[in-house]
Amino acid sequence: MDDVTPHDLRATHSTWVADRHGVMAVARRLGHSNASVTTRHYARAVEGRDREIADGFDIEHGTGSGSQDRVARV
């Protein structure tokens, strides 16, 4: 893992925390004064999350054929 930097690890951790707990939790954890600093430097899209969100809305509103298992993981 020669090409992984401490900043890469910090960005990955920030993405995981934001995905599960929200940007404000990351901002607080990283010591940022506000969430705009966090989103500007650490916001990353999580692969497949958009589909899971759409499936969740489909299930909640009785439309589409979203997977209950997929939403339960979120």
Side-chain angles (χ1 to χ4, degrees):
M1 293 184 19
D2 296 331
D3 59 341
V4 177
T5 67
H7 182 77
D8 293 333
L9 297 174
R10 183 175 167 101
T12 299
H13 175 74
S14 300
T15 299
W16 292 345
V17 173
D19 184 51
R20 186 167 196 112
H21 303 287
V23 173
M24 291 304 298
V26 177
R28 190 170 35 254
R29 190 165 178 86
L30 297 179
H32 295 158
S33 58
N34 60 60
S36 67
V37 173
T38 307
T39 56
R40 185 177 30 233
H41 296 287
Y42 295 102
R44 307 283 188 274
V46 175
E47 188 68 33
R49 183 64 68 219
D50 191 50
R51 180 74 262 151
E52 290 178 12
I53 292 168
D55 286 350
F57 280 118
D58 287 349
I59 290 167
E60 286 179 25
H61 299 286
T63 60
S65 60
S67 166
Q68 294 252 358
D69 291 338
R70 176 178 280 171
V71 175
R73 286 182 302 167
V74 176

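Note that the numbering runs from 1 along the sequence shown for the chain.
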Check A35 against A27 and note the closest heavy-atom contact, atom names and distance.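 Looking at all heavy atoms of both residues, the shortest contact is CA-CB, 4.1 Å.
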I need the full list of ring pair (Phe, Tyr, Trp, His ring centres under 6.0 Å) pairs touching residues 7-33, with sequence neighbours left out, sorted by first then second residue.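 Listed by first then second residue: H7-Y42, H32-Y42.
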Please enumerate all residues that pass side-chain hydrogen bond (donor to acceptor under 3.5 Å, both in side chains) together with N34, with sequence neighbours excluded.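 Residues passing side-chain hydrogen bond (donor to acceptor under 3.5 Å, both in side chains) with N34: S36.
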Please enumerate all residues that pass salt bridge (charged side-chain N to carboxylate O under 4.0 Å, His left out) together with D8, with sequence neighbours excluded.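 Scan of D8 (salt bridge (charged side-chain N to carboxylate O under 4.0 Å, His left out), adjacent residues dropped) gives none.
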If I take atom CG from residue D58 and atom CD1 from residue I53, how far apart are they, to the nearest 0.5 angstrom?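 The CG atom of D58 sits 12.0 Å away from the CD1 atom of I53.
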Considering only residues two or more places apart or on different chains, which pairs with a residue in residues 23-35 satisfy salt bridge (Lys or Arg N to Asp or Glu O under 4.0 Å)?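 Sorted pair list comes back empty.
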